[in-house]
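Some notes on the structure that comes next.
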There are 2 protein chains.
Amino acid sequence: MLDHRYRSQRAPINLSEAIIPGLCAGCGARHIGLCDALSDEDLHFLASVSRPLTVQKGQTFVVEGDAARSFFNINHGVAKLYKDMPDGRRQITGFVSAGDFVGLAADSCYAFSAEAIQEVRMCRFDRTELRNVFGRFPAIEQRLFDFASHELVVAQEQMLLLGRKTAVERLASFLDGWHHRVSHAEDSNSGRSLPMTRADLADYLGLTIETVSRALSSLRKLGIISVAADHGVSVLQSTRLAEIAQAAGSSSAKIQPMA
Amino acid sequence: MLDHRYRSQRAPINLSEAIIPGLCAGCGARHIGLCDALSDEDLHFLASVSRPLTVQKGQTFVVEGDAARSFFNINHGVAKLYKDMPDGRRQITGFVSAGDFVGLAADSCYAFSAEAIQEVRMCRFDRTELRNVFGRFPAIEQRLFDFASHELVVAQEQMLLLGRKTAVERLASFLDGWHHRVSHAEDSNSGRSLPMTRADLADYLGLTIETVSRALSSLRKLGIISVAADHGVSVLQSTRLAEIAQAAGSSSAKIQPMA
DNA sequence: CTTCGAAGTTGATATGAATCAATGCGAACA
DNA sequence: TGTTCGCATTGATTCATATCAACTTCGAAG
C-alpha cells in the first residue's frame, strides 16, 4: 500500500532468512517481496528469469545508454548510480544497497551508469520477463511500486539539497541520512563507516572533494562528527547534525562550538 | 511495459476523446490509462473513488506534511511541486500538466506541496482506494508504474542539472525540455510560451531570478531564443539550445554569436 | 626498507552566482 | 490619465565555492 511507511517494510528484511536453494544461489526471495513459501513451479519460474551476479569493487555493471535488458535487486554491498557529462562532470544520483532495486528508472536504454563501490552481490532479472513476474507475484510489483515511490521522495529531497543547500548543510544531510540508513539495516556494515570516497561524496553532493573535506572539517570542529585516521566518519551529535541538515536550528546555533 | 517509450504512451492521450459522462465530469478516463469501454459497474466504481476538482491559479492543493489522503491526475493546466525550507528557501521539484499524476511520491504524508500556476482541472482519487483501483484496472497500475519510472529518470536528470550545470546550461536544459513537452502535447498551450514566472524558474533551476534573467539575456544575445515584450520565450535554434543544455557542442560554440 | 601512487587535507587565489540596488514596463485600478 | 504594484531586467559589489597548489598519510609493490 502506498500508505505504508517505507521504512517499516524495509526494516524486517533479513537476508539470512528464507534462503531458497536453487533460486539465485545465496540470495533469498524475501528481499524482493516474497515472504511466503513458494511452490516448486514458482521456484522454477523465478530461476528461469533471474540469475545471481557478483561484481567486484570498481566494476561497472550498468552503462548509461546501453539497452536496458536487466533489472537488479541488491543483496549485499553498495553501488553508486551516476550520470556523466561529455566533459567529465559527474553527478551521482544515489547509492544503492541491500534490498534496493536498480534498473527501474529506465526507458529502453539505461538513463544512468552503476558501479560497485564494494563487492556487490545481486539478483539480475530479465526485463522482458518483468510483466510475467508481476503477474505471478503481485507482491513483487507492489514492493517495486513502493520502492519507486520512496525513490521519488528521496530524489525530491536531493533536488532541494543540490539546488538550495550550502556545502555544510549538504554534508550534514548526507551524513544524517546515511546514519539512519545503516542503523536501520540489519546487515550492518563492515568496519568503515562510509564505503565511498570523498570524490564520490563530492559527485553526490554537487561539490568538489576539497569542499567536502572542508565541510567535514567544519563539522568536526563543531564537535558534531569525528573523523578517524582512516578517514572514516562517526556521528557524535545526531540531533545537531539533523538540525544543520534541515537548517532548523536557530541561526546562531550554526556557529556555536562544542556546547 | 517498462520497455515502452513513455512519450509514445503519452502522445495519444486526447482529452476530448472518450469522455465518460458521470466520471469526473468533463474529464475522461483515457488519460488515466483506460482506453476501452467501461461497464456501468466500472463507471460506478470509478465515480465512487474519484472526484473532479478545479483549482485556481495561485491556489495550493497539496501541503507538505499533510496526511496524504488524495491522489491526483491532471486534466488541464500546469502546477508546480515544491519543497520549502524553514528559512524560506524553496526548491521546485517539477511542473506537472495534463496526464501527469500527483501524490505518488508520498509516504503517509505528502513530501511536497503543490500549487496551480494556471487554472488546473484534475481528478482526485482516494488513496485508500488505490489498491482497489489497481485490482480492478491493472491498466491504471501499469500506467502509474510507467509514469513513476519516467519521473525517476527525469529526477536524475534534474539532479545532474542542479549539481553540475552552469546557469546558462540549466536554462538551456529547461527550455529544451519544455519545448519538447509542449510540442508533444496535443493540448497545446495558450498564448504565452511559459506559464511560470522567473521566480518559479529560479526555484526550479536552483538559481536566483536575477541569474535566470541574465541567462535568458545571454541566450537571447546568442540568437538562440527570443524574449517577447510580455517576457514570453521562443526557441529560435533548438539544436544549439540542446547542445548547450548537454554541454555537447565544441567549447568554442558557446561563445559564438548569431552564426 | 624504500618507492610510489591514490586518497585526503589545508591554504591561496579566482570566479560564477548571489546579493544589493536602481530602473523599466505593463496591467489593474482610482 | 495618472498612480501603484508586481514582475522583470541590468549594473555594482560581495561571497561561497571552485580552482590551483602544496603537503601528508597510508598501503601496496618492488
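Below, read A as the first sequence line, B as the second, and so on, with proteins coming before strands; counting in each chain starts at 1.
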ask   = With a cut-off of 6.0 Å (strictly less than), are more than 12 heavy atoms of other residues, nucleotides or ligands near CZ of B/Arg90?
value = yes
request  = Starting from C1' on C/dA28, measure out to CG on B/Asp230 and report it in whole angstrom.
outcome  = 17 Å
ask   = C/dG8 P sits how many Å from A/Leu171 CG, rounded?
value = 13 Å
inquiry  = Applying ring-ring contact (aromatic ring centres under 6.0 Å, His included), can you list everything that pairs with B/Phe61, at least two apart in sequence or on another chain?
reply    = B/Phe72
message = Taking the ring centre of each residue, are A/Phe95 and A/Tyr204 less than 6.0 Å apart?
response = yes
query = B/Val227 and B/Arg198: which non-hydrogen atoms are nearest, and at how many Å?
reply = CG1-NH2, 4.0 Å
task = Compare every heavy atom of A/Pro86 with every heavy atom of B/Ala247, then report the nearest pair and how far apart it is.
result = O-CG, 3.8 Å
Value in whole Å for how far the C1' atom of C/dA27 lies from NZ of B/Lys57 = 12 Å
query = Between A/Arg89 (CZ) and D/dT17 (C1'), how many Å, whole number?
reply = 15 Å
ask   = Would you say the side chains of A/Ser97 and A/Arg181 form a donor-acceptor pair under 3.5 Å?
value = yes
key: Axis deviation across the helix from C/dC1-D/dG30 to C/dA30-D/dT1, five-pair ends, to the nearest 10°   = 30°
request  = In whole angstrom, give the distance that lies between atom CG of B/Asp203 and atom P of D/dC7.
outcome  = 13 Å
ask   = In the 5'-to-3' direction, what one-character label does each nucleotide of nucleotides 9-21 of chain C receive under the scheme B = base within less than 4.0 Å of a protein heavy atom, S = sugar-phosphate only, - = no such atom?
value = BBBB----SSBB-
query = Is A/Arg164 paired with B/Asp203 through a side-chain N to carboxylate O contact shorter than 4.0 Å?
reply = yes
d(CG, B/Leu201; C1', D/dC7) in whole Å = 13 Å
B/Ser173: which of B/Gln246, B/Lys165, B/Glu157 passes side chain to side chain donor-acceptor pair (under 3.5 Å) = B/Lys165
